[in-house]
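Below is one structure, written out as structure tokens; the observations come after it.
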Amino acid sequence: MHAKKNQPDIILIIVILSLLTIGLIMVYSASAVWAAYKFDDSFFFVKRQLLFAGVGVAAMFFVMNINYLNWKSWSKILLIGCFVLLVAVLIPGIGMERNGSRSWIGVGAFSIQPSEFTKLAMIAFLAKFLSENQKHITTIKKGLGPSLGLVFLAFGMIMLQPDLGTGTVMVGTCIVMIFVAGARVMHFVWLGLMGLGGFVLLVASAPYRIKRITSYLDPWEDPLGSGFQIIQSLLAIGPGGLFGLGLGQSRQKFFYLPEPQTDFIFAIISEELGFIGGSFVILLFALLLWRGIRVALGAPDLYGSFLAVGIISMVAIQVMINIGVVTGLIPVTGITLPFLSYGGSSLTLMLMAMGVLLNISRFSKY
């Protein structure tokens, strides 16, 4: 066991709690109208989010006090458990279907999304594999091949639901980890070409994905269909201007932007708090990324470094995809904005991951 520092990264904790607080405020602001209409309770979503946040923060501080090396020992069991859940979610009667995806398992009045927890289990296991096999990472047989094989096995299981967004974040995170471990650039060139081909096949295999691509290129071609979400999102961001319409003053949350408290919450932030508010949120994520990189660079061993790289890459990729979708830079895909969007599994998972990162920071040299 490594000698432990007295305190975790305090700046990291402040940034996480700041994002979480902004998220709770904005979930209420974005969802109040819809919640009052559908459930006759304007606080319906924010009460549940507050519960998720409470559980998540408790989990974060609990995990923060578990030596991160334990995740190295548990990673195989955790990954196998997540694979079992990914299979279980496909079984009628166990898995719950929402918006065309069978991604949830009901637990009482709530539900969990196994694919979210698979991301963290995969990061923990891949960090173990890379730390033990870094000298082989430039070879396909003993390094790159086995690691990519496992990643794409998990991706395939997630795509059976299907959940392209979560699968993309997981694959992107693992690619960053493998790249940092020292894989050859030429291998990534070939991998990129193969990935592009696979992406084209995935898009071509589902008509709704083709519609998402065409609506991305020209959302006004089908303004009431596939282009509806992105048009309404841009109609929220545009009027926000520099300072926004004011907290609680969004117009798009009045049944224009579908379920604005989830994937498109950044559009409501931009509408109500303007460019300044949106930029402040992005600045907080940049600060989170910077502190995470410091933790990874200062970790006392390879496992700690790869684990920290994986966690912070997962957050960064998810933020870039979500904000890219909301601002029309990339096609629409179902990805939540970490710490801000409404959602139990994603919020709890992110806070648990931050707990692991904070524990590594207790041993970090920086």
Side-chain angles (χ1 to χ4, degrees), residues 1-5 8-9 12 16 52 55-89 105 107 112-134 136-137 143 146-155 157-158 166-167 169-171 173-174 176-178 180-181 292 295-296 298-315 338 344-364:
M1 294 291 181
H2 303 300
K4 185 165 62 176
K5 290 192 342 182
D9 190 321
L12 194 55
I16 293 164
F52 298 142
V55 171
V57 169
M60 180 179 79
F61 284 110
F62 176 75
V63 170
M64 185 180 76
N65 291 294
I66 297 175
N67 191 297
Y68 70 89
L69 291 174
N70 286 313
W71 297 103
K72 189 174 185 178
S73 305
W74 301 337
S75 60
K76 185 176 180 180
I77 296 171
L78 289 173
L79 189 59
I80 291 171
C82 285
F83 279 174
V84 170
L85 289 176
L86 287 177
V87 172
V89 82
I105 294 176
V107 181
I112 62 169
Q113 192 173 358
S115 57
E116 286 288 343
F117 295 95
T118 302
K119 291 189 296 188
L120 187 54
M122 180 60 73
I123 289 169
F125 185 84
L126 188 60
K128 176 180 185 292
F129 179 85
L130 292 174
S131 63
E132 294 174 350
N133 297 276
Q134 191 188 20
H136 300 302
I137 199 62
S147 54
L148 286 179
L150 186 64
V151 171
F152 286 110
L153 171 63
F155 178 72
M157 294 177 74
I158 291 172
T166 302
V169 172
M170 187 199 69
V171 171
T173 299
C174 294
V176 171
M177 292 174 69
I178 293 167
V180 170
V295 171
D301 57 23
L302 279 176
Y303 181 71
S305 290
F306 290 139
L307 189 59
V309 165
I311 290 169
I312 205 64
S313 297
M314 175 179 67
V315 177
S345 294
S346 58
L347 181 61
T348 306
L349 177 278
M350 280 295 173
L351 288 169
M352 284 179 63
M354 289 301 104
V356 177
L357 188 63
L358 286 166
N359 182 262
I360 300 171
S361 77
R362 302 182 75 163
F363 303 93
S364 180

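- Note that the CD1 atom of Ile311 and the CE atom of Met350 stand 10.0 Å from one another [nearest 0.5 Å].
- Within the model, atoms CZ of Phe125 and NZ of Lys76 stand 7.0 Å from one another, a figure rounded to the nearest 0.5 Å.
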Please test Met122 against Leu150 for side chain to side chain contact (heavy atoms under 4.5 Å, CB included), starting from the C-alpha separation and ending with a verdict.
CA-CA 9 Å; Met122 180 60 73; Leu150 186 64; 4.0 Å; yes
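- Proximity of Met177 to Ser147: side-chain heavy atoms (C-beta onward) are nowhere separated by under 4.5 Å.
- Listed here is the closest heavy atom pair of Met157 and Phe83: CE-O, 3.3 Å.
- For Glu116 (side chain) and Ser346 (main-chain N/O), no donor-acceptor pair under 3.5 Å exists by modelled atom type.
- Residues passing the side-chain contact (heavy atoms from CB on, under 4.5 Å) test with Ala88, sequence neighbours excluded: Ile94, Ile105.
- One distance of note links CG of Leu120 with CE of Met352; it measures 6.5 Å at 0.5 Å rounding.
- Between the Ser361 side chain and the Leu358 main chain, a donor and an acceptor come within less than 3.5 Å of each other.
- Partners of Ala299 by side-chain contact (heavy atoms from CB on, under 4.5 Å), not counting sequence neighbours, listed by chain and number: Ser305, Ile360.
- Contact of the Val180 side chain with the Leu130 side chain is not registered, since no non-hydrogen atoms from C-beta on lie closer than 4.5 Å.
- Looking at residues two or more places apart in sequence or on another chain, you find a side-chain contact (heavy atoms from CB on, under 4.5 Å) between Ala121 and Leu78, Leu79, Cys82.
- For the atom pair Phe117 CZ and Leu85 CG, the distance stands at 9.5 Å (nearest 0.5 Å).
- Between Lys119 and Thr173 the shortest side-chain heavy-atom distance does not fall below 4.5 Å.
- Residues Asn67 and Arg362 have side chains that never bring a donor and an acceptor to within less than 3.5 angstrom of each other.
- In terms of heavy atoms, Ser313 sits closest to Val176 at OG-CG1, 3.2 Å.
- Side chain of Asn359 to backbone of Gly355: no donor-acceptor contact under 3.5 angstrom is found.
- Nearest heavy atoms, Pro338 versus Val315: CG-O, 4.2 Å.
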As a quick check of understanding, evaluate side chain to side chain contact (heavy atoms under 4.5 Å, CB included) for Phe129 and Phe306, giving each step before the final call.
CA-CA 10 Å; Phe129 179 85; Phe306 290 139; over 6 Å; no
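- Put simply, OG on Ser75 and CG on Asn70 are 11.0 Å apart, with the number rounded to the nearest 0.5 Å.
- Judged by distance alone, with hydrogens and angles left aside, the side-chain atoms of Thr348 form no donor-acceptor pair with the main-chain N or O of Ser345 at under 3.5 Å.
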Please determine whether side chain to side chain contact (heavy atoms under 4.5 Å, CB included) holds for the pair Val57 and Leu351, giving the CA-CA distance in whole Å, both sets of side-chain angles, and the decisive distance to 0.1 Å.
CA-CA 6 Å; Val57 169; Leu351 288 169; 4.2 Å; yes
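- Considering Val63, Leu12, Asp9 in turn, Leu12 is the only one that fulfils the side-chain contact (heavy atoms from CB on, under 4.5 Å) rule with Leu357.
- Heavy-atom minimum distance, Met170 versus Ile158: SD-CD1, 4.0 Å.
- Between Tyr68 and Phe363, the closest heavy-atom pair is CE2-CD1, 3.5 Å.
- Listed here is the closest heavy atom pair of Ile137 and Ala181: CG2-O, 3.6 Å.
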Any chance you could lay out the side chain to side chain contact (heavy atoms under 4.5 Å, CB included) test for Thr166 and Thr118, step after step, and finish with the verdict?
CA-CA 10 Å; Thr166 302; Thr118 302; over 6 Å; no
